[in-house]
Amino acid sequence: MVTPSAPHVYLQDIANWDGKEITLKGWLYNKRSSGKIRFVMLRDGTGVIQCVGSIKDIGDEGFAAIDSMSQESSLTIRGTVRADERAPGGFELIMSHVECVATALDEFPISPKEHGTAFLMDNRHLWLRSKRQVAIMRIRHCIVKAIRDFFDENGFTLFDPPIFTNAACEGTSTLFETDYFGEPAYLSQSGQLYGECGAMALGRIYTFGPTFRAEKSKTRRHLTEFWMIEPEVAYMDMWGAAELAEDMICFVVRRVLETRAEELKVIERDAAILEKIQKPFPRISYTDAIEVLKKNGHEINWGDDIGGDEETTISNQYDRPVFLHHFPAELKAFYMKHDPENPKLALGFDVLAPEGKGEVVGGGQREDSYEELVARIGEHGLKVEDFSWYLDLRKYGSVPHAGFGLGLERTVAWLCGLPHVRETIPFPRMISRLKP
RNA sequence: UCCGGAGUAGCUCAGCGGUAGAGCGGGUGGCUGUUAACCACUAGGUCGGGGGUUCGAAUCCCUCCUCCGGAGCCA
């Protein structure tokens, strides 16, 4: 039991308890021993600390308890906090009492040594206990919170789109089909069309939810289930949406730097690189980008899609995110508004993250003309009746409007400097990963 | 779907025609300041599956499976 003089303390607050007797509750991270002394590395989810036990303080009983526990056994330790130069976190705990809560019934699969990613992914449920994964999850949470705060503080309303959808917006090949009481239903691959309904109702909204893509992509940037944030604003044009994306990204980066410096250190992410993420981001048109790519030895022509290697070439020219805008309209989705000054171009943009991290945002202005949109739906081989509700937005008081989609996992991977998105979400879903 | 790469102890890997190996992890013992502790001993294997070549295959050939990376598509 916890005595009033030895309250339960989390390791993140340990600096406030120097010289005091406290209780720690956690798991055995590692241990070392000598004949008459025991070193216990305890983690509690907020940090790791070395606890020192000498035979005169904890007796044979304490030694026996420690010796019976293997890695990841759960335990509580009472002791006195002591600042110590030699300790990695600056503090140690001098044990006065140790109690095993539950011994690990088997050898913990993930030893303190190196492991391959396939093995770690098979043990994702346990891998999440490691210092590095804990730090990444904390930063992910920070980013989620910052995004919500940014929109909430700027007059936006959270607007949740459905996950079951009936329409095959952009062809069924990339959608997961489910049996919905005998009818086919598809897991949402974007909340945007619903977000547009919200913008017409509430003015400024953002969606924040999971989306699903059945595309058989096997790359470091793809998940089949990922989280997307999609703001949508009535009476906003393409450049307004671009500025919104810019402000949001800067706000999020600032928040991570201010509140997650420790976690960035744990994952060895150079904060100086993130300090450079400031307005304004360079803006380069698709047409100009093609010229840049040609000069850099890429075999690409106007009208071709810009692939991963090309994106890297462009983003490597800057130390901050870059806007790519005014793509050829035929490369983009049916709802994208065409440039009135050049109908071959779409009023859309992508944001490429620096360091070759690729596209983190895609957005632009939506087609607001009823006639144009009907024609566009036909051109894309889609059925007008599937989009009757969407067309109603143009029928009843259509206005210029714009928005964008931000991929959460790609953003986390970029800000954390991770090579692969699989470590950015607790349980990544990929083409060959459904378990755990 | 296509193009590469890899499957050997619980994990990370070496061995690449001639007796199945190391480090870590596990177990046992030792050590009063260790830091991925150290020292000694010890247990642990259908060398991804199937077929073939050979006196002999983890090793060479064929085939299948799985995973990893990339392409396409996208956030």
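In the text below, chain A, chain B and the rest are named by the order of the sequence lines, each starting its count at 1. Only heavy atoms go into these numbers, but all of them, side chains included; no hydrogens, no water, no symmetry mates.
Per the geometry, NZ belonging to Lys31(A) stands 16 Å off P belonging to rC31(B), to the nearest Å. The nearest whole Å value for the distance from the NZ atom in Lys216(A) to the C1' atom in rC2(B) is 13 Å. Between the CG atom of Leu331(A) and the P atom of rC74(B) there is a distance of 8 Å, rounded to whole Å.
Distance from the side chain of Asp305(A) is smallest to rC74(B) among rU32(B), rU34(B), rC74(B). Closest to the side chain of Arg32(A), from the set rU34(B), rC31(B), rC73(B), is rU34(B). Between rC11(B), rU34(B), rA75(B), one nucleotide has an atom nearer to the side chain of Phe119(A) than all others, and that is rC11(B). Considering only side-chain atoms of Asp84(A), the nucleotide from rG10(B), rC74(B), rG33(B) that sits closest is rG33(B). When distances are taken from the side chain of Lys218(A) to each of rC73(B), rG69(B), rA75(B), the shortest belongs to rG69(B). Among the nucleotides rG33(B), rG69(B), rU1(B), the one closest to the side chain of Glu92(A) is rG33(B).
A donor-acceptor contact closer than 3.5 angstrom is absent between the side chains of His326(A) and Thr287(A). No side-chain donor from either of Ser315(A) and Glu355(A) sits under 3.5 Å from a side-chain acceptor of the other. Between the side chains of Tyr390(A) and Glu196(A), at least one donor N or O lies within less than 3.5 Å of an accepting N or O. Side-chain contact check for Gln278(A) and Arg254(A): no donor-acceptor pair (N or O, by modelled atom type) lies under 3.5 Å.
Within 4.0 Å of Asp350(A), counting heavy atoms only, lies no atom of the nucleic acid at all. Residue Arg132(A) is classed as having no contact, given no heavy-atom separation below 4.0 Å to the nucleic acid. As judged by a 4.0 angstrom heavy-atom cut-off over every strand, Ser70(A) is placed among residues making no nucleic acid contact. Within the nucleic acid shown, Val421(A) has no heavy atom closer than 4.0 Å to any nucleic acid atom. Within the 4.0 angstrom heavy-atom criterion, base atoms lie near Phe226(A). Residue-level contact check: Arg422(A) touches the backbone only, with heavy atoms under 4.0 Å from sugar-phosphate atoms and none from bases. When heavy atoms are screened at a 4.0 angstrom cut-off, Leu223(A) is found touching base atoms of the nucleic acid. Residue-level contact check: Glu409(A) touches neither bases nor backbone, having no heavy atom under 4.0 Å from any strand.
Stacking between Phe39(A) and rG33(B) is absent: the ring centroid is not both under 5.5 Å from the six-membered base ring centre and under 30° in plane angle.
Annotation: cation-pi geometry not satisfied between Arg376(A) and Tyr335(A) (NZ/CZ under 6.0 angstrom from ring centroid, within 45° of ring axis).
Taking atom C1' on both nucleotides, rC47(B) is separated from rU1(B) by 32 Å, rounded to a whole Å. Taking the C1' atoms as reference points, rA9(B) lies 10 Å from rG21(B), given to the whole Å. Across the P atoms, rC13(B) and rC73(B) are found 33 Å apart, a figure rounded to whole Å. rG72(B) and rG15(B) have their C1' atoms separated by 39 Å, with the value rounded to a whole Å. Taking the P atom of each, rC31(B) and rG18(B) are spaced 46 Å apart, rounded to whole Å.
Phosphate contact (OP1/OP2 of rG25(B), side-chain N/O of His115(A), threshold under 4.0 Å): absent.
Judged by atom type and distance alone, His222(A) reaches the base of rC74(B) through a side-chain donor-acceptor pair under 3.5 Å. No N or O donor and acceptor, one from the side chain of Arg221(A) and one from the base of rG69(B), sit under 3.5 Å apart. Donor-acceptor pairing under 3.5 Å, judged by distance alone, is absent between the side chain of Ser432(A) and the base of rC67(B).
Of all non-hydrogen atoms in His380(A) and Lys332(A), the two that sit nearest each other are NE2-O, 3.7 Å.
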